[in-house]
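Everything below concerns the one structure shown next.
A note on names: the letters A, B, ... follow the listed sequences, proteins ahead of strands, and every chain is numbered from 1.
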Amino acid sequence: LNRAARVATAALGAACGLVIVVELVRPLVGDPHTDRPRALEFVGSYALYGFVACVLLVMLGRLLRRAVMRPEEYWSDRQ
Amino acid sequence: VSPSVLPLEALGGGWGPTHPAFVYLAGALAVALLGERRPRSRSAAFLVTPVLGLVALAGLAPGTGGLVTFYNVELAFLRVDRLSLFFALVCQVAAVLGAVYAVRSAGTTEQVAALGYVGASIAAVLAADLLSLFFAWEAMTVASAFLVFARRGTEAVAAGVRYLLVQLLSGLLLLGGALLAYHERGSLVFDTIVLGDAWTWMLLVAFGIKCGFPILHTWIVDAYPRATATGTVFLSMLTTKVAVYALARGFAGTELLVTVGVVMTVFPIFYAVIENDLRRVLGYSMINQLGFMVVGIGVGTELAMNGAVAHALNEVLFKGLLFMAMGAVLLEAGTVKASELGGLYRTMPQTATLCTIGALAISAFPLFNAFVSKGMILSAVLHEGHVGVWYALLFASAGVFHHAGIKVPFFAFFWRDAGIQAREPPLEMRVAMTLAAAGCVLLGMRPELLTALLPWPAGGFEPYSYAHVLLQMQLLLFSALAFATLKLTHLYPDEIPSVNLDADWLVRRPGRMALQWVDRLAGRSVATARAVLGERATSASTRVESIFGARGLLARGTPLNTSMLIVALALLGSLLVQLVPWPM
């Protein structure tokens, strides 16, 4: 990793920590604007959902690739 | 039952009705006539037309006009209410952005096609009956196909023909649906439609093709990456938005659309993750965004409908911006394949910054426009009790950030240095991108500007509540964390030069096999004919060849410019025919 990438990764980590801390400091319980299902009423619920969703997305994407990926000239091949 | 559109105050235009589509047709004509010989005047005409179009739009009076009798059928090609006007404005925004972007780089053909295409799109959203809608629908098809053809080369022309076939199928279904509707209810009026009879399904599929419904979507990811850099910008901003309008007008509150929309939001993100061509990634991302709009229309409450149409305008801004940025990369670096790109921020810092703004906007970061419109749709979905749908949309929201928000700018501009010598695109392209970026930020920071334009009464939705902002930031930042983790642990799929099979395989593979069979059959027939007829067969085939062959009389084409001029004249002619008994 070069320096810029290290800084970016560290900044991302810090920002992730910050949004969790903010919710701990000022909880959302009882906030009238909280539009979320019951099952997601815990601290960091959206963070967990986002992380798991993206890991799942990439893992399923890799499986999809096995099924649908073809060489670049697949359609231009006149066979 | 769909809520009724708010009444529209008079716009204060006193200079009489001029259909904006006429302005665009006149502009297309002017650009065609000026051609390559007068590039400066042509550019001026190309740039001025959208401005005049806006003036014409502002001069329209609310209500239904443009009544003409066409073969004993009453047609009304001008309906001005808040819904049609909002989408006419969407087309106008697209026209201004596209015109600035393409003013110098696009050739005459492209510019003529683009203006005709915008005019037809505006005509479509202003049409009050199904037959007028059909005329505009077909004009859009023809004009837009030239934006694909203009790239030239076998691949682009083949993709253009496939595009044309799919669009014509949509047009045929619309025409069939319109005629059946007239037969069954004695009226061509285009308004709320309740699914039931065959014609209602025909119209739904006709709109669905243009809107990228699942399985019918492949033309988007087939043709858009193969059009010219400037052409794709226009394409991405218009056809699908007109389709969203048609669905919002006709099928608001149709429960089926919720399911269709959810599928549209979810499946393309998997393809986007593994796709190598970044313009195709944006194509998949577009289907995903359209899915949000379709869900909103399916839910059909005032909040959901407002969210859906607001998202259409927002998408023109951020998706237009992203396609402009990728167009700039295509022009300057010669490719948009992720496997060949990287490190362009060093030589294209402005484009990289503007692309990143587009990426933040499409991902619905707070202070950017999609944060507001997507929030409206999600809130409406939850309020109507579609909890499962809501979870799927949240998954899709995280996925959008993953592929459009991170993947596109990351692989093009950051990542490794691919050693490509590229410069910033011409000034006007950066101006167009800056305008789009400013729009994304302005509508994100001042949502009331957008709310004032929306067709339905605005409910009590507050985008900038503590909860909404915090939860959205959690979702997005941890999605980014997932990307970083997967990339660092080498679990993220590599960018590999490849194509991914999609639903069009179901048509293209059997189609190809059928063609090969016909080819073999024809070869055998010719051989048999030669054997039986001898010399006579040869001379006859030479004569046929001289007329119908690849170099024959009928294949001697007119230049593309002339063809476009003929098309523009034909369109103008058909509109004039309708206009002869102008009643006002």
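- How far CZ of B/F483 is from CG of A/L12: 11.0 Å, rounded to the nearest 0.5 Å.
- A donor-acceptor pair under 3.5 Å is formed between the side chain of A/R65 and the backbone N or O of B/I274.
- Counting heavy atoms from C-beta on, the side chains of A/L64 and B/N500 never come closer than 4.5 Å.
- Atom CD1 of B/I215 has 12 or fewer neighbouring heavy atoms from other residues, nucleotides or ligands inside a 6.0 Å radius.
- In this structure, A/V58 and B/F270 have side chains that are not in contact, with every pair of non-hydrogen atoms separated by 4.5 Å or more.
- Contact tally against chain A (heavy-atom pairs below 4.5 Å) for B/L477, B/L476, B/V499: the top residue is B/V499.
- Counting non-hydrogen atoms of other residues, nucleotides and ligands closer than 6.0 Å to CZ of A/R70 gives a total above 12.
- Judged by distance alone, with hydrogens and angles left aside, the side-chain atoms of A/Y46 form no donor-acceptor pair with the main-chain N or O of B/L470 at under 3.5 Å.
- Ranked by heavy-atom pairs under 4.5 Å with chain B, the first of A/A47, A/G13, A/A67 is A/A47.
- Contact annotation: the side chain of A/E72 approaches that of B/P497 to within less than 4.5 Å [non-hydrogen atoms, C-beta and beyond].
- In terms of heavy-atom pairs under 4.5 angstrom with chain B, the leader among A/L48, A/V22, A/V52 is A/V22.
- Residue with the most contacts toward chain B among A/C16, A/G61, A/A8: A/C16 (heavy-atom pairs, distance under 4.5 Å).
- Looking at B/A484, the atoms closer than 4.5 Å to chain A (heavy atoms on both sides) all sit in the side chain, from C-beta outward.
- Shortest non-hydrogen contact noted between B/H402 and A/C54 is ND1-SG, 3.3 Å.
- At a 4.5 Å heavy-atom cutoff, the contact between B/I496 and chain A is made by backbone and side-chain atoms alike.
- Annotation: maximal heavy-atom pairing with chain A below 4.5 Å, among B/L486, B/V266, B/L481, occurs at B/L481.
- To the nearest 0.5 Å, the span separating OG on A/S45 from CD on B/Q474 amounts to 6.0 Å.
- Side-chain contact between B/Y271 and A/V68 is present, with heavy atoms from C-beta onward closer than 4.5 Å.
- Using a 4.5 Å cut-off between heavy atoms, B/H383 contacts chain A through its side chain alone, with no backbone atom that close.
- The contact between B/L475 and chain A is made by backbone and side chain atoms together, counting heavy-atom distances below 4.5 Å.
- For the options B/S479, B/G375, B/S397, heavy-atom pairs under 4.5 Å to chain A are most numerous at B/S479.
- Using a distance-only test at 3.5 Å, with no hydrogens or angles considered, no donor-acceptor pair links the side chain of A/Y74 to the main chain of B/L501.
- Interface residue B/K337: only side-chain heavy atoms are found under 4.5 Å from chain A.
- Proximity to chain A (any heavy atom under 4.5 Å) is shown, for B/W505, by both the backbone and the side chain.
- Aromatic ring orientation, A/F51 versus B/F478: perpendicular (interplanar angle above 60°, classes split at 30° and 60°).
- Annotation: the span from A/E23 atom CD to B/Y466 atom OH amounts to 6.5 Å, rounded to 0.5 Å.
- Of the listed residues (B/V387, B/D502, B/L491, B/I269), the one with the most heavy-atom contacts under 4.5 Å to chain A is B/L491.
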